Amino acid sequence: QVQLVESGGGLVQPGGSLRLSCTASGFTFSTYAMSWYRQAPGKQRELVARIRNGGGNTIYADSVKGRFTISRDNAKNTLYLQMNSLKPEDTAVYYCAKLRGSIGYTEDGSKVDYWGQGTQVTVSS
């Protein structure tokens, strides 16, 4: 019953911006930490950003710090990723992920137990 549905991906020029959304259902959204991951062709899936259940305690991959912002609206059961100053190396399929814990701080609590279907982000001129 758990569903994570991403939207907002597309083609954007370098330096441009996109906002990804993830609408969640089938669980108490406000209880759990959430993350965005991405996977480029031929590469391993990597963590992009994480946010605790209440909307704080965010972390980011070094490669996106200062450019991406993760946020959530618990009243709407929606997770967001605002992506600014996009670079070609940001091109990937971006996945919304539900974490096991509420903060996602511990080894177990930071594990992903559900994935969205992914949305393609292509940064190219």
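Just so it is clear, the structure is predicted and the values come from calculations on it, not from any experiment.
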Decide yes or no for [X] and [Y]: does some side-chain heavy atom of the first lie under 4.5 Å from some side-chain heavy atom of the second?
{"X": "Asn57", "Y": "Ile51", "answer": "no"}
{"X": "Asp90", "Y": "Arg67", "answer": "yes"}
{"X": "Asp108", "Y": "Arg100", "answer": "yes"}
{"X": "Ser17", "Y": "Asn84", "answer": "yes"}
{"X": "Tyr105", "Y": "Arg52", "answer": "no"}
{"X": "Met34", "Y": "Leu4", "answer": "yes"}
{"X": "Leu47", "Y": "Ser35", "answer": "yes"}
{"X": "Tyr94", "Y": "Glu6", "answer": "no"}

Please report the interatomic distance [atom1]([X]) to [atom2]([Y]), rounded to the nearest 0.5 Å.
{"X": "Phe68", "Y": "Ser63", "atom1": "CZ", "atom2": "OG", "result": "7.5 Å"}
{"X": "Ser21", "Y": "Gln82", "atom1": "OG", "atom2": "CD", "result": "9.5 Å"}
{"X": "Gln120", "Y": "Thr91", "atom1": "CD", "atom2": "OG1", "result": "7.0 Å"}
{"X": "Leu81", "Y": "Tyr95", "atom1": "CG", "atom2": "OH", "result": "15.0 Å"}

>> Would you call the rings of Phe27 and Tyr32 parallel, tilted or perpendicular, taking 30° and 60° as the class edges?
In response: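 Perpendicular: the ring planes of Phe27 and Tyr32 meet at over 60°.
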Take atom [atom1] of [X] as the centre, draw a 6.0 Å sphere, and report whether it contains more than 12 heavy atoms from other residues, nucleotides or ligands.
{"X": "Glu89", "atom1": "CD", "answer": "yes"}
{"X": "Gln3", "atom1": "CD", "answer": "no"}
{"X": "Tyr60", "atom1": "OH", "answer": "yes"}

> Given Cys96 and Trp36, is the side-chain contact (heavy atoms from CB on, under 4.5 Å) satisfied, shown in steps?
Replying inline: CA-CA 5 Å; Cys96 174; Trp36 289 98; 4.0 Å; yes
> With a distance cut-off below 6.0 Å to the six-membered ring centre and an angular limit of 45° from the axis, does Lys98 pair with Tyr114 as a cation-pi contact?
Replying inline: no
Linking I/L/V/M/F/W/Y whenever their side-chain heavy atoms sit closer than 4.5 Å, directly or via other members, would [X] and [Y] fall into one cluster?
{"X": "Met83", "Y": "Val123", "result": "yes"}
{"X": "Val5", "Y": "Val48", "result": "no"}
{"X": "Val2", "Y": "Phe29", "result": "yes"}
{"X": "Val64", "Y": "Val12", "result": "yes"}

> With a 4.0 Å cut-off, would you call Asp62 and Lys65 a salt bridge?
Replying inline: yes
